[in-house]
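Data first, discussion second: the structure below is written as structure tokens.
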Amino acid sequence: MKNRLVCDCYNIWVEDIRKALEDGADTFEELERSMKLGVLCSACVGDSKKVIAELRKELGRE
């Protein structure tokens with residue numbers, strides 16, 4: 001997946017999410033707590049969940 005900005009509010013990129021998943025995070029809720037993904041304006045929540053699902057597939061963790 002191409003690196004791109006996912007969350008404007010906290011400047012979270014696809015590669016930031018990938019790193020968190022590689023470090024053991026597994027769900028949107030875990031990233032919401034640890035990175036504040038989607039907590040400010042919530043505009044990125046839908047896209048964030050799609051990115052997480054796609055990255056989990058790439059990492060073999062469907």
Side-chain angles (χ1 to χ4, degrees):
M1 169 178 273
K2 183 179 176 185
N3 194 25
R4 63 178 174 79
L5 188 61
V6 178
C7 175
D8 265 342
C9 297
Y10 287 101
N11 197 36
I12 299 172
W13 292 72
V14 168
E15 288 303 316
D16 299 321
I17 296 171
R18 179 188 308 275
K19 175 85 168 88
L21 293 173
E22 289 172 345
D23 289 346
D26 198 50
T27 65
F28 171 79
E29 291 76 19
E30 289 173 327
L31 296 175
E32 183 180 44
R33 285 189 299 273
S34 66
M35 304 175 81
K36 301 205 182 295
L37 182 62
V39 299
L40 193 56
C41 80
S42 302
C44 67
V45 171
D47 186 36
S48 296
K49 289 180 179 183
K50 289 177 189 172
V51 168
I52 292 165
E54 189 169 329
L55 289 173
R56 288 184 80 239
K57 284 181 188 175
E58 286 182 16
L59 296 169
R61 292 172 38 198
E62 297 184 80

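A quick note: this is a predicted structure, and the numbers were derived from the prediction, not measured.
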Smallest heavy-atom separation, Asp16 atom then Asn11 atom, equals OD2-O, 3.7 Å
Shortest non-hydrogen contact from Lys36 toward Ile12:
C-CD1, 4.5 Å
So do [Y] and [X] actually touch side chain to side chain, heavy atoms under 4.5 Å?
X	Y	value
Arg33	Glu29	yes
Leu37	Tyr10	no
Val51	Arg4	yes

Is it the case that the side chain of [X] and the backbone of [Y] share a donor-acceptor pair, with hydrogens and angles ignored and the cut-off at 3.5 Å?
X	Y	answer
Arg61	Arg56	no
Glu30	Asp26	yes
Asp47	Cys44	no

Is it the case that one hydrophobic cluster holds both [X] and [Y], taking links as side-chain heavy atoms less than 4.5 Å apart, direct or via other members?
X	Y	value
Leu40	Ile17	yes
Leu59	Val14	yes
Met1	Trp13	no

Roughly how far apart are Met35 CE and Phe28 CZ, rounded to 0.5 Å?
11.0 Å
What distance do Glu32 atom CD and Lys49 atom NZ have between them, rounded to the nearest 0.5 Å?
8.0 Å
Any ion pair linking Glu54 and Lys57 (charged N to carboxylate O, less than 4.0 Å)?
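No salt bridge links Lys57 with Glu54.
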